[in-house]
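All values derive from a computational prediction rather than experimental measurement. FYI, side chains are in, hydrogens and waters are out, and symmetry mates aren't considered; it's all heavy atoms of this structure. Note that ligands are numbered from 1 as they come in the structure, with each ligand's atoms numbered from 1 the same way.
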Amino acid sequence: MSKKTLATIAVRGGIESDKNYAAVVPPIYLSSTYAFAGFDKKGPYDYSRCGNPTRDILAETLAELEQGEHGIVTATGTAAINLALQLLSPDDLLVVPHDCYGGSYRLFVNLADKGNFKLKVINMTNQAELDAAIAAKPKLIWVETPSNPLLRIVDLKKICAQAKAQGALVAVDNTFLTPVCQQPLTLGADIVVHSATKYINGHSDVVSGALITKTKELGEELAWWANCIGITGGAFDSYLTLRGVRTLVPRMRQHQENANKLVALLDGHAAVDTVYHPSLPSHPGHEIAKEQQHGFGAMLSFELKGGVEQVTQFIDALEHFSLAESLGGTESLVCHPSTMTHAAMDAEAQAKAGISQTLMRFSVGIEDGDELVEDVKQALDSLV
Ligand code: PLP
């Protein structure tokens, strides 16, 4: 059998797996519990927190897409992050980027404050800071590339090799790119996590998460923890997410085509100060992104010239962008990270991460790209 492409894996996950009625699309199993065949005769499933057939199809499909050995579907992306943190004991060091998703940052800082593990927050694009952190022998290094919201790029091959030399595990939050644009496990990472709420489901109607491991052993250890702490995903959410996954490849293509058009408009517009997108040759991570990614993704951010007044005016003038948190749905969203997605970071942490008051973030949807450009152009033109 020839090697399957991502589009085929995504579309055909669990197709024709139904043994009862040969349903082409796998049915949803909502039952919370499963009957034993007799005394001490447990079947493949006994209770849906521990295992669920619908969830398992999604987990297997995501693992195959990420080229991992084991997938675990969690109730939220945050639950997937929390699951990876179960690997840490109080004396273990966790190294994280200073500009990760605000909710991840809040989780890391607050669990470290409780003494669950030791924490080092660093700028991962600063090699000296990274070298010093890795020399301290962390148990786990957390990477977000591109980072949220400034799209900073971390060299995955390099950081994974460095980590391995010191015996550290590397976990990568691949929410922004999905396996369509980046497969961290093939570049040396041990764990990939997703907020499946975003592109993986892709329709802004499910909150869910996933964790995929490179090895079977690590996968089994974390699957044990997922059941133990009770964070596995629900059957209905898994069903909807699997439906979303089937269109992941063409959706990502269209998201990116539209994002590229918007980057071209924003870059050089008189109302815009700086544009952050790895496709731009001026982006410090451009060359690494070109090397380790397949496409530059559809998340982008930019700073408007002026102040909060311009931000308000710009947002009010937009027609086709909803002012909302989250990302990765078919619809375009605009967000003000400082007061929205990254509000969990205090002013000092935001300043350190480079999140200014005029920074805006777009999650570019799959509407007509030219109409999105027209809309953003009229909103920007109103500022100059
Ligand atoms: N990782 C990233 C990059 C995110 O943007 C988010 C949410 O916005 C999460 C993780 C957390 O995911 P969830 O909201 O599904 O818990």
Next item on the list: Please tell me if the side chains of Leu93 and Lys120 come closer than 4.5 Å, counting only heavy atoms from C-beta onward.
Entry: yes

Check: Is the closest side-chain heavy-atom distance between Asn82 and Leu111 below 4.5 Å?
Finding: yes

Next item on the list: Examine ligand 1 and decide if any of its atoms is less than 4.0 Å from a heavy atom belonging to Lys198.
Entry: yes

Note to self: Only heavy atoms of Asn148, strictly under 4.0 Å: list the atoms of ligand 1 that pass.
What the structure shows: 5 (O)

Notebook entry, point to check: Is it the side chain, the backbone, both or neither of Ser208 that has a heavy atom closer than 4.0 Å to ligand 1?
Noted result: backbone

Item checked: For Ser195, the ligand 1 atoms whose distance to one of its heavy atoms is below 4.0 Å -> 6 (C), 9 (C), 10 (C), 11 (C), 12 (O), 13 (P), 15 (O)

Check: Can you list the ligand 1 atoms lying under 4.0 Å from a non-hydrogen atom of Thr197?
Finding: 15 (O)

Notebook entry, point to check: Which word best sums up how the rings of Tyr34 and Tyr45 line up, parallel for under 30°, tilted for 30 to 60°, or perpendicular for over 60°?
Noted result: tilted

Note to self: Which residue and atom name correspond to the protein heavy atom nearest atom 16 (O) of ligand 1, and how close is it?
What the structure shows: Thr78 OG1, 2.6 Å

Next item on the list: Can you measure from CG (Leu62) to CG (Asn174) and round to the nearest 0.5 angstrom?
Entry: 11.0 Å

Notebook entry, point to check: With atoms numbered from 1 as shown, which atoms in ligand 1 lie under 4.0 angstrom from a non-hydrogen atom of Asp173?
Noted result: 1 (N), 2 (C), 3 (C), 10 (C)

Check: Can His277 and Asn260 be counted as having a side-chain donor-acceptor contact under 3.5 angstrom?
Finding: no

Next item on the list: Mark up the atoms of ligand 1 that fall under 4.0 Å of a heavy atom belonging to Leu327, in ascending order.
Entry: 5 (O)

Next item on the list: Answer with yes or no after comparing the ring centroid distance for Phe362 and Phe321 against a 6.0 Å cut-off, counting only values under it.
Entry: yes

Note to self: Between Thr175 (side chain only) and Ser195 (backbone N and O only), is there a donor and an acceptor less than 3.5 Å apart?
What the structure shows: yes

Next item on the list: May I ask you to list the atoms of ligand 1 that are less than 4.0 angstrom from any heavy atom of Gly77?
Entry: 12 (O), 13 (P), 15 (O), 16 (O)

Next item on the list: Around atom 4 (C) of ligand 1, find the nearest protein heavy atom and jot down its residue, atom name and distance.
Entry: Tyr101 CG, 3.6 Å

